[in-house]
There are 2 protein chains.
Amino acid sequence: MKEGPDIALIGSLIGDPARANMLSALMGGQALTPTELAAHAGVTLQTASSHLAKLEAGGLVTQRKQGRHRYYALSEDEVGLMLESLMGFAASRGLTRHRPGPKDPALRKARVCYNHLAGDYGVRMLDSLINARQIEIAGDDLTLTEAGRERIEALGIDYAALKKSRRPICRSCLDWSERRSHLAGSLGEALLKLFLNEGWAKREKESRAIRFTDRGDKAFLDLFPL
Amino acid sequence: MKEGPDIALIGSLIGDPARANMLSALMGGQALTPTELAAHAGVTLQTASSHLAKLEAGGLVTQRKQGRHRYYALSEDEVGLMLESLMGFAASRGLTRHRPGPKDPALRKARVCYNHLAGDYGVRMLDSLINARQIEIAGDDLTLTEAGRERIEALGIDYAALKKSRRPICRSCLDWSERRSHLAGSLGEALLKLFLNEGWAKREKESRAIRFTDRGDKAFLDLFPL
DNA sequence: GGAATGCTTCGACTACGATCGAAGTATGAA
DNA sequence: TTCATACTTCGATCGTAGTCGAAGCATTCC
């Protein structure tokens, strides 16, 4: 009515249970087809299609056609950050959709947050990088130091490629289970990819949980001491 | 359906335009009565009452009876932080409720964010405190240093009182106009109160804008150099 | 070409929630 | 006690948004 941004539109988009389930599923970081998303949401394909059109119009998701499939994903890092913030609040109210089960500890230890690592391990990684002065922090802005640049290149990450994209390399993202920040941005994404490619960790099916192998666990803890 | 917090409930609470307007009004930091909130939302008192009951059930607001008035306010700092995060996202999408007008620059310069200072001045204040090593930053956690404690006591803020409450003293809050962090928490609140009490600044009516007097402006900039 | 898959669009149904008038409760003032 | 103010609760109405069946495109496979 007066001033300020219009939160009602975004709220109503998130407010429908079917759409919220789809968004949660997309927080897993993988692009999903309407059929898959319909299954996550528990609705028919037609309904899912209509929801996806609305989410796209609202700028929350984007689609990419590939053959006869359409892959939907969260449109930007920002969407993930905002959703994680909402989840944090909901969790603090004890509003959870699931009966606490055996998977819960695994989720708290390590899970995927859109495209980067979250949970205990995610927070530890950022803390460790800060302690080693490879990332510097000022306000909410994280910046990679010279030492940090060398470090990630030694890990085999292509710094130049990260630099080229318009996305921020480092970004902090609030963790809903740990209530602290972990590393997002294109570097966060690259690091998660690295862990998966090296075979240190695998995604669980149908879940955001990430399971580290014994070898991967050791390598990770070595790489990011506290 | 599966795991993770339930964001749909919160989303649907924010998703109704009347409720969104009420929440935006409460972001002004003052506790408001149902009658006032009804006016902000553009609905009748009955409707407002029903909305407030829902917001309260969802844990977003709390009420305090005082005589024959009921004062509603955001229930915790966390609510303000989450809403600000949503606003930031909405603003980045160009979803604003208002035609950009003369008040806009004033809002960007200094405004109230629930109970603390936001906008250019809010961001500057936190930056300055960090530069002076009076606040230290690690992840999203801000901590007041020894030097910081002395500094705020010199300003006449009762550190012991802040310490007593269970709320965090320092907290970072993402600014939707500046896209950077400013200082929230009980210290953020105390500092804003200080500026108002000293007569350095005044709230605008019917707006979140804060207008600094000439004297206040000078004092503020002296106090928080860059 | 024809058939199958993946998805969107259309149309109709339904249900839930926002809205407000009217009546009820509580607090304070006269 | 009586009246006024501030608010809640009840009940009825109305719109709109979610839902799905059926039909329509598009792409790929055979």
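Naming: A, B, ... by sequence-line order, numbering from 1 per chain.
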Protein-nucleotides 3-8 of chain C N/O pairs closer than 3.5 Å?
{"residue": "dG6(C)", "atom": "O3'", "partner": "R68(A)", "partner atom": "O", "Å": "3.4"}
{"residue": "dC7(C)", "atom": "OP2", "partner": "T35(A)", "partner atom": "OG1", "Å": "2.1"}
{"residue": "dT8(C)", "atom": "OP1", "partner": "Y72(A)", "partner atom": "OH", "Å": "3.3"}
{"residue": "dT8(C)", "atom": "OP2", "partner": "S49(A)", "partner atom": "OG", "Å": "2.7"}
{"residue": "dT8(C)", "atom": "O5'", "partner": "S49(A)", "partner atom": "OG", "Å": "3.2"}

Tell me, please, which residues at least two apart from T44(A) pass side-chain contact (heavy atoms from CB on, under 4.5 Å). Q46(A), T47(A)
L13(B) has an atom CG; how far is it from atom C1' of dC16(C), in whole Å? 15 Å
From the list H182(B), H116(B), E78(B), E189(B), side-chain hydrogen bond (donor to acceptor under 3.5 Å, both in side chains) with R171(B) holds only for E78(B)
What is the distance from CG of L55(B) to P of dG17(C), rounded to the nearest Å? 14 Å
Covered region of DNA chain D, 5' end to 3' end, by chain B [heavy atoms, under 4.0 Å]: dA4(D) to dT9(D)
Set of side-chain contact (heavy atoms from CB on, under 4.5 Å) partners for T62(B), sequence neighbours left out: S75(B)
Looking at H51(B), I'd like to know whether one of its side-chain N or O atoms comes within less than 4.0 Å of OP1 or OP2 on dG17(C). no
Who passes side-chain contact (heavy atoms from CB on, under 4.5 Å) against R215(B), sequence neighbours left out? W200(B), T213(B)
Ion pair check, D217(A) and K109(A), cut-off under 4.0 Å: yes
For D214(B), look at atom CG and say whether over 12 heavy atoms of other residues, nucleotides or ligands are found less than 6.0 Å away. no
Please check if the distance between the ring centroids of F212(A) and Y121(A) is under 6.0 Å. yes
Among all residues two or more places apart in sequence or in another chain, which pass the side-chain contact (heavy atoms from CB on, under 4.5 Å) test with K54(B)? L13(B), R19(B), S50(B)
Would one find a side-chain N or O of T47(B) under 4.0 angstrom from OP1 or OP2 of dT19(C)? no
